[in-house]
Asks: 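After the structure tokens below, expect a handful of questions from me.
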Amino acid sequence: MRTQVGIVGAGPAGLMLAHLLHLEGIQSIILENRSRDYVESRIRAGLLEQWASDLLVDTGVGARMQREGMFHDGVYFAFGGALHHINFRALVGKGVTIYGQQEVVKDLIERRLADGGQILFEVADVSVHDFAGNGAPKIRFRHGGKEQELACDFIGGCDGFHGICRPSIPASALTAHDREYPFAWVGVLSESPPPENELIYAYHERGFALYTMRSPTLSRLYLQCPPDEEIENWPDVRIWQELHTRIGGTRTLAEGTMLQKGITAMRSFVVEPMQHGRLFLAGDSAHIQPPTGAKGMNLALADVKVLARALTAFYRSGQDDLLQRYSATCLRRVWKAQRFSWWMTQLFHLDPRDNAFDRKRQLAELDYVTSSEAAGRSLAENYVGLPVEG
């Protein structure tokens, strides 16, 4: 098999990379170890920054999002028994869109197949080879019971944090920056209307809570918990009690059937550089961040937008300066997103290592952010998405 760009992973990063390359006449093949049904149904992020929703529309895969997405002008911060609205659109002229990652994946897969593009699902034993120099990289894998090899010019490593691409790079060529947080989230998907038409971030003496949604009748709800917590310790009745308590009486919370629940770890991770030879990492394979800032899917899309532009320049002119600068370009934005995700996390969560001083500091900062136009604008600018450089 032969293609120009071999892509490992059919998540938002890999699918969008293939789509952007197709629009420029560049061939690619996507290899995915899971089934199509699995990747289209796994629940992940659900918030798109303004530029990201614009990207879907501008590249012809945003029609369903425009019909079914929930367009938000801001968010609410709940603390001290009151709800405070931060209007992003009034502050910076932009908003965000609630549209599940699995829906983005469905739309991209449908378009990819309609365009005649190849996605090989349920591949096994994937390995990447000969990417370190300027030769022809290869991806070996097993599909349909047969051993196969894909020759390509470049490899897009879009296979997530636990994928094979990053570990295939010599450890001596990478520097990893890692931070684990002393708390986690209990997350539930509930068949019930959300308590507000926009997200509520709640600071409470019992811990952080987030009230978000997937549709007007489907709520996505989160509670801070210890990092070593087991979901078995969180029966439905306990979850609802904590959610009612932590919203602090600021809104009425309707209960419903819990369709899913689980524990989400909180971690920050960045690897530098995001490339080695002709292997380029994108999305979670290169960085993960606490979900408090809603940056995961957006950073993945930003990475491949930069990569697609660099590959397009290479195939059009033979120049590789944008490819050489790929890591530096992406990491500048990645670290700003990491900073924002860390800031949102420390603003709302109760750290067991903190004391009364830290609690007072958090409340003062929440008061400042919700009462200062300058502070609110800074929050809004980061939340709706910083510019994506090329």
Side-chain angles (χ1 to χ4, degrees), residues 45-47 70-91 95-96 98 181 183-190 192-216 218-225 234 238-256 258 261 264 266 290-295 340-352 354 356 358-373 375-380 382-384:
L47 186 146
M70 303 174 72
F71 300 92
H72 291 183
D73 291 332
V75 295
Y76 289 90
F77 283 4
F79 62 96
L83 211 57
H84 307 263
H85 189 241
I86 301 175
N87 191 321
F88 300 154
R89 200 163 295 280
L91 290 165
V96 296
I98 301 299
Y181 294 84
F183 34 74
W185 284 3
V186 174
V188 302
L189 188 67
S190 171
S192 57
E196 248 299 340
N197 61 355
E198 294 178 337
L199 278 65
I200 299 176
Y201 287 79
Y203 177 90
H204 193 270
E205 62 184 11
R206 294 185 62 84
F208 167 74
L210 174 60
Y211 304 81
T212 180
M213 66 288 289
R214 289 295 176 268
S215 76
L218 203 60
S219 293
R220 190 72 167 149
L221 308 164
Y222 299 95
L223 293 163
Q224 178 183 343
C225 68
W234 287 87
R238 181 186 178 192
I239 292 174
W240 285 118
Q241 286 174 348
E242 285 296 323
L243 286 167
H244 283 295
T245 298
R246 297 187 196 185
I247 204 169
T250 58
R251 286 293 185 271
T252 300
L253 180 65
E255 297 186 13
M258 290 191 182
K261 60 181 177 179
T264 300
M266 305 289 281
T292 328
K295 296 304 176 192
F340 179 70
S341 298
W342 164 85
W343 179 78
M344 286 285 287
T345 301
Q346 63 82 33
L347 179 61
F348 281 98
H349 290 76
L350 302 187
D351 190 323
D354 291 346
D358 297 287
R359 306 285 186 265
K360 291 288 188 179
R361 175 192 55 77
Q362 286 175 306
L363 288 168
E365 192 163 9
L366 285 164
D367 185 28
Y368 174 59
V369 169
T370 55
S371 61
S372 164
E373 182 176 331
R377 184 175 293 111
S378 176
L379 166 67
N382 282 272
Y383 201 100
V384 304

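These figures come from a predicted structure and were not determined experimentally. Along the sequence shown, residues are numbered consecutively beginning with 1.
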Asks: Please output the side-chain donor-acceptor pairs of residues 73-86 that fall under 3.5 Å, not counting sequence neighbours, one pair per line with the distance.
Replies:
{"residue": "D73", "atom": "OD1", "partner": "R89", "partner atom": "NE", "Å": "2.6"}
{"residue": "H85", "atom": "NE2", "partner": "E198", "partner atom": "OE1", "Å": "2.6"}

Asks: Which heavy-atom pair separates R214 from L189 by the least distance, and what is that distance?
Replies: CG-CD1, 4.0 Å
Asks: Measure the spacing between CG of D367 and CD of Q362 and express it to the nearest 0.5 Å.
Replies: 13.5 Å
Asks: Please identify each residue that fulfils salt bridge (charged side-chain N to carboxylate O under 4.0 Å, His left out) with E255, with sequence neighbours left out.
Replies: none
Asks: Who passes side chain to side chain donor-acceptor pair (under 3.5 Å) against R206, sequence neighbours left out?
Replies: E242
Asks: My understanding is that only residues two or more places apart in sequence, or in another chain, count here; which of them pass side chain to side chain donor-acceptor pair (under 3.5 Å) with S190?
Replies: S192
Asks: For the side chain of R246 and the backbone of Q224, is there at least one donor-acceptor N/O pair under 3.5 Å apart?
Replies: yes
Asks: List for me each residue that meets side chain to side chain donor-acceptor pair (under 3.5 Å) alongside D351, sequence neighbours excluded, and say none if there are none.
Replies: R353
Asks: If the condition is side chain to side chain contact (heavy atoms under 4.5 Å, CB included), which residues does S378 pass it with, not counting sequence neighbours?
Replies: N382
Asks: How about M213 and P193: do any of their side-chain heavy atoms sit closer than 4.5 Å?
Replies: no
Asks: Could you pull out the closest heavy-atom pair between S341 and T292, with the gap in Å?
Replies: O-CB, 4.4 Å
Asks: Taking all non-hydrogen atoms of both residues, which atom of H204 and which atom of T245 are closest, and how far apart?
Replies: NE2-O, 3.4 Å
Asks: Could I get the full list of side chain to side chain donor-acceptor pair (under 3.5 Å) partners for H349, not counting sequence neighbours?
Replies: W185
Asks: Out of curiosity, L363 CG to D358 CG, how far, rounded to the nearest 0.5 Å?
Replies: 11.0 Å
Asks: Could you pull out the closest heavy-atom pair between A184 and T264, with the gap in Å?
Replies: CB-O, 3.2 Å
Asks: Could you list the residues that satisfy salt bridge (charged side-chain N to carboxylate O under 4.0 Å, His left out) with R377, not counting sequence neighbours?
Replies: E373
Asks: For K295 and M344: C-alpha separation, side-chain torsions, deciding distance, then whether side chain to side chain contact (heavy atoms under 4.5 Å, CB included) applies.
Replies: CA-CA 11 Å; K295 296 304 176 192; M344 286 285 287; over 6 Å; no
Asks: Counting only N and O atoms by type, is there a donor-acceptor contact under 3.5 Å from the side chain of Y211 to the main-chain atoms of L243?
Replies: yes
Asks: Between F208 and T345, is there a side-chain heavy-atom distance shorter than 4.5 Å?
Replies: no
Asks: Rounded to the nearest 0.5 Å, how far does OH of Y383 lie from CZ of F340?
Replies: 7.0 Å
Asks: Give, for atom OH of Y203 and atom CG of L350, the distance between the pair rounded to the nearest 0.5 Å.
Replies: 5.0 Å
Asks: Residues two or more places apart in sequence or in another chain: which of them pass side chain to side chain contact (heavy atoms under 4.5 Å, CB included) with Y368?
Replies: S372, A375
Asks: Looking only at atom types and distance, does a side-chain atom of H72 sit under 3.5 Å from a main-chain N or O of N197, one as donor and one as acceptor?
Replies: yes
Asks: With a 4.5 Å heavy-atom cut-off, do P291 and M266 have their side chains touching?
Replies: yes
Asks: Determine the minimum heavy-atom distance between W234 and C225, stating which atoms define it.
Replies: CZ2-CB, 3.9 Å
Asks: Taking only residues two or more places apart in sequence, or in another chain, which ones meet E196 in a salt bridge (charged side-chain N to carboxylate O under 4.0 Å, His left out)?
Replies: R251
Asks: With F348 as reference, evaluate F183, W343, Y201 under the ring-ring contact (aromatic ring centres under 6.0 Å, His included) test and give the passing residue.
Replies: Y201
Asks: To the closest 0.5 Å, what do you measure between CG (L221) and CD1 (I239)?
Replies: 9.5 Å
Asks: From M258 CE over to S219 OG, what is the distance, rounded to the nearest 0.5 angstrom?
Replies: 10.0 Å
Asks: Looking at every heavy atom in both L199 and I98, which two are closest together, and how far apart are they?
Replies: CD1-CD1, 3.7 Å
